[in-house]
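Each remark here refers to the structure printed beneath this line.
Every chain is numbered from 1 and lettered A, B, ... according to where its sequence line falls, protein lines coming before strand lines.
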Protein chains: 2
Amino acid sequence: MGDRREPAAPKDPSSDIFRMERPAVAVDVVLLTVLEGELQIALIKREDDPYYGKHALPGRFVRYDEPIETTARRALETKGNITTDGIYLEQLYTFGQNLVRDTRIRTISVVYCALLPSGIISGQQGHTFSWFPIGRLPPLAFDHRDIVHAAVERIRTKLLTSDIIFHLLPEEFTLSELQRACETILGRALDKRNFRKKAADVYDLQDLKLSRREGAHRPARLYRFVRLRDLTRA
Amino acid sequence: MGDRREPAAPKDPSSDIFRMERPAVAVDVVLLTVLEGELQIALIKREDDPYYGKHALPGRFVRYDEPIETTARRALETKGNITTDGIYLEQLYTFGQNLVRDTRIRTISVVYCALLPSGIISGQQGHTFSWFPIGRLPPLAFDHRDIVHAAVERIRTKLLTSDIIFHLLPEEFTLSELQRACETILGRALDKRNFRKKAADVYDLQDLKLSRREGAHRPARLYRFVRLRDLTRA
DNA sequence: GCAAAAGTGTTTGAGGTACACCCATGC
DNA sequence: GCATGGGTGTACCTCAAACACTTTTGC
């Protein structure tokens, strides 16, 4: 925040910040999870114009005394009826070019991307989101389709240089689950041996010395994420 | 911008967007240029509290009917008395967590990064910025020091995957000038042969078949940037 | 014993890094 | 002729990609 106060007699009306009309600020959230082997997004069906009946990102206006990340969590809690403790949130971009995106009022929208561990959304238990695979989105309100694609692109590029994938997995997971989650996000298959080499290289994983028996095959070892390895090699 | 309208009887006060008090929105700009062989930033000395006498990023409050990028250009024009035609602008991040960053009013700040071609700032002609090498910043107001570093980091990472470097160069340039600009931003020396190979690989440069004579040595060829090559090889 | 997923190494090619000399000019 | 920056090619090394078989379980 820069020097925005004028010396004595402000000629610029925007310097009289207490009297000038202010744009509204909203936060919209791209909430993603892995569901049924697909990357899916939480949407809300609009019940008002504009874009009546279309689906949209969950969003809220920012209160005067509210950090914007709190607005993001509140959007998820009030629109989706979910708890946001421990949910990963990352700011994506701020949309403030188009003056008439919201026809009611000039709105600047800060978009966040959020990741929900798989397994939390099991059925239709209480939450009010509709979930859609990002490859088969319904018609969306505003420019939300572009926003969703930008969010997915961001998550993709951060996959192997950050720990975001573990925000989409349960606490304990197998290497195959880790790989499937990555494949789901990237939208393509990965080589198993190369993937495991790379994962062991960039992630510090704790071998829990346990195995999970499921199905008629060899049980898989369980792991827990410890930390990202420092690969800067400075 | 999501579905923020309530059906009938809004219990959530933030839904009554017309009556609730709104945070102010500001735009601050990290304006960078290459000056005297160093990457330098334009700062303004504050003449009010808080942070009286400290340097700060040029910034302005966003007017109700103004796209935020326009606010960014207006900040540069009114604070620095420069024209912003053709100046590269890229949104960096939006700071809205800290409720008391600006003690006058709750302010959410959208930060832009701007690049000024070298050679435009020649002396002390009219503009009111103070220029500082990013390695030797004066004490800065607010958390502007962190913002500056985030901006420089962003520019660095985009160096060889985008055309931003050409926004810091004049229209016509030599390969040595291109290399020096990159070295200035990265803060380290680059190998001349490897740099030229890489540049020819990622950039489509037009050889102007001209050479610039300067100094007691072989003249250098002049080039013009045409476009980024597509290296995705899909 | 067979179906089904878990687990494991080696080879190859591309791209990045390191490195030294001749060229054209001004003085 | 010498000082100054302009301009060029090769060897090595690292990392990503391709690729197939054995192991352990449930039934």
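Per the geometry, CG belonging to A:Asp191 stands 17 Å off P belonging to C:dG13, to the nearest Å. Atom CZ of A:Arg221 is separated from atom C1' of C:dT8 by 11 Å (rounded to the nearest Å). Rounding to whole angstrom units, OH of residue B:Tyr223 and P of D:dG6 are separated by 12 Å. Atom P of nucleotide D:dT8 and atom CD of B:Gln179 are separated by 13 Å, given to the nearest angstrom. The CZ atom of B:Arg180 sits 12 Å away from the C1' atom of D:dT4 (whole-angstrom rounding). Atom CZ in A:Arg212 sits roughly 16 Å away from atom C1' in C:dG7 (whole-Å rounding). At whole-Å resolution of the value, CG in B:Leu175 and C1' in C:dC23 are 16 Å apart. Between the NZ atom of A:Lys192 and the P atom of C:dA4 there is a distance of 14 Å, rounded to whole Å.
For B:Arg193, the side chain to side chain donor-acceptor pair (under 3.5 Å) criterion is met by no residue, not counting sequence neighbours.
Checking the phosphate oxygens (OP1, OP2) of C:dA6, a side-chain nitrogen or oxygen of A:Ser176 falls inside 4.0 Å.
Backbone-only contact: A:Lys198 has heavy atoms under 4.0 Å from sugar-phosphate atoms and none from a base. In this structure, B:Arg196 reaches the bases: a heavy-atom distance under 4.0 Å links it to at least one base atom across the strands shown.
In the set C:dT8, C:dC19, D:dT4, D:dT4 carries the atom at the smallest distance from any side-chain atom of B:His217.
Contact annotation: side chain of B:Lys197 to base of D:dT10, donor-acceptor pair present below 3.5 Å. Side-chain atoms of A:Arg218 and base atoms of C:dA3 include no donor and acceptor less than 3.5 Å apart.
Along DNA chain D, the nucleotide nearest to A:Glu214 and the one nearest to B:Arg193 differ in position, and the one closer to the 5' end is contacted by B:Arg193. Between A:Arg213 and A:Asn194, the one whose closest nucleotide on DNA chain D sits nearer the 5' end is A:Asn194. Between A:Pro219 and B:Pro219, the residue whose closest nucleotide on DNA chain C is further toward the 5' end is A:Pro219.
Ring geometry for A:Phe95 against A:Tyr93 counts as perpendicular: the plane angle is over 60°, on a 0 to 90° scale with 30° as the lower cut. Between A:Phe225 and A:Phe166, the ring planes lie parallel to each other; the angle is under 30°, not in the 30° to 60° tilted range.
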Exercise for the section: Go through the steps to decide whether B:Gln40 and B:Thr33 satisfy the test side-chain hydrogen bond (donor to acceptor under 3.5 Å, both in side chains), and finish with yes or no. Expected result: CA-CA 5 Å; B:Gln40 305 214 14; B:Thr33 196; over 6 Å; no

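The two residues B:Thr71 and B:Arg60 come nearest to each other via the heavy atoms CG2-O, 3.7 Å.
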